[in-house]
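Keep in mind that what you see is a predicted model, and the values were worked out from it rather than measured. Reckoned from all heavy atoms, side chains included, excluding hydrogens, waters and symmetry mates. In listed order, ligands and their atoms are each counted from 1.
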Amino acid sequence: MYNRRKFLKTSAIATTLIATAKRGMALSKSNQISGNATLPVVISTWDFGIAANQEAWKTLSAGGRSLDAVEAGVKIPEADLKNHSVGKAGFPDRDGHVTLDACIMDEQGNCGAVAGMEYIAHPISVARAVMEKTPHVLLVGDGATQFAVEQGFKKEKLLTPESEKAWKEWLKKGEYKPVINIENKSYDALPGNQGNHDTIGMLAIDAKGNISGACTTSGMAWKLHGRVGDSPIIGAGLFVDNEVGGATSTGVGEEVIRNVGSFLVVELMRQGYSPTDACKEAVNRIIKKKPETAKNIQVGFLAINKKGEYGAYAIQKGFSYAVCTAEKQDLLVKGDSHY
Ligand code: ASP
């Protein structure tokens, strides 16, 4: 729990930070909040966040820890064979490898991640094992798989017949072009089954007020072998500071990494921005740096603050996120957007 008096006593830097916070309050024009909730609360990206939240809610409503809730929650889309952008059945890279990225962060600032990991269906649980059982934060590629197997995770083929068919179809043209808001389109409707992507990012505050987050994806379909996006990168795809709040992202990861997106959102909330305004400012930085690129890509941020207020903002229309609280169990919110 944030103890302001203790903070003031122990740190001379505190004065500067608080002055910055006040300036931030003044900067936050609309202080727009998309929603607020009594604790506990869990939010997550895209429509598939509804089922994930329901699973997380089992832990949260029983008074459990937010870390356990987010891990259990995102395992639902990881295991969903109809979901081709997260976990098993994720679309492969251009060489036919399904490589998964995930990270997790708890209320004490502990974090763990895996990137480019093959053959393990639940990268979020391996990320948690990295956090809890090693002195490291990030394991990649074969090393991540080796660690997972040593920890007792099952090694299995992740490329499903449907994903393989889609990949072979894609190979005919080999065009790499991310599709915006893929989750709203059926697989068959994709023109030429072009590159596509999505991530589940989940943020939860438990009944004790502790915040954790999880983020997991198969990344951009048909990516170069070895490509890693924002999702397993702490500060880019996910960031949690238990004094302030948490943020996560979805969309073209390269642009999120370039702007250290989720860390930026949390720092803006620290300065007094509402969750929505913080997400909007982070999106605006991406657009300002590369306005032409931004016209044709999607990036969305989702954030929650310590009070349980939440919000989102994306470059393109159509970014949805799911909310679950004691009052609203299956709420799907359309996030605000630049275009
Ligand atoms: N952020 C993910 C990546 O770049 C993909 C997505 O969320 O759409 O790998």
Atom 5 (C) of ligand 1 has as its nearest protein heavy atom G251 O, 3.2 Å
With heavy-atom distances below 4.0 Å as the criterion, list the atoms of ligand 1 near T250.
6 (C), 7 (O), 8 (O)
Quick test of your reading of the model: are K75 and E78 salt-bridged, counting only N-O distances below 4.0 Å?
no
Atom 8 (O) of ligand 1: closest protein heavy atom, distance to 0.1 Å, is H197 ND1, 2.4 Å
Set of residues satisfying ring pair (Phe, Tyr, Trp, His ring centres under 6.0 Å) with respect to F263, sequence neighbours excluded:
F239
So is K223 in contact with ligand 1, going by heavy-atom distances below 4.0 Å?
no
G219 heavy atoms within 4.0 Å reach ligand 1 at atoms 9 (O)
Mode of R227 contact toward ligand 1 - side chain, backbone, both, neither (heavy atoms, under 4.0 Å):
side chain
Using a 4.0 Å cut-off to any heavy atom of S231, which atoms of ligand 1 qualify?
1 (N), 2 (C)
Select the closest option to atom 3 (C) of ligand 1 among D230, T217, T216, judged by heavy-atom distance.
D230
Among C103, S44, P232, which residue satisfies the side chain to side chain contact (heavy atoms under 4.5 Å, CB included) criterion with C215?
C103
Mind listing the closest non-hydrogen atom pair of D106 and L67 along with its distance?
CB-CD1, 3.8 Å
Give the numbers and elements of all ligand 1 atoms closer than 4.0 Å to a heavy atom of M220.
4 (O), 9 (O)
Heavy-atom closest pair (K223 atom, S218 atom, distance to 0.1 Å) is NZ-O, 2.7 Å
Among all protein non-hydrogen atoms, which one is nearest to atom 7 (O) of ligand 1, and what is the separation to 0.1 Å?
T199 OG1, 2.5 Å
Ring centroid separation W46 to F319 under 6.0 Å:
yes
Output every pair passing ring-ring contact (aromatic ring centres under 6.0 Å, His included) with a member in residues 93-113, not counting sequence neighbours, ordered by first then second residue.
H97-H225
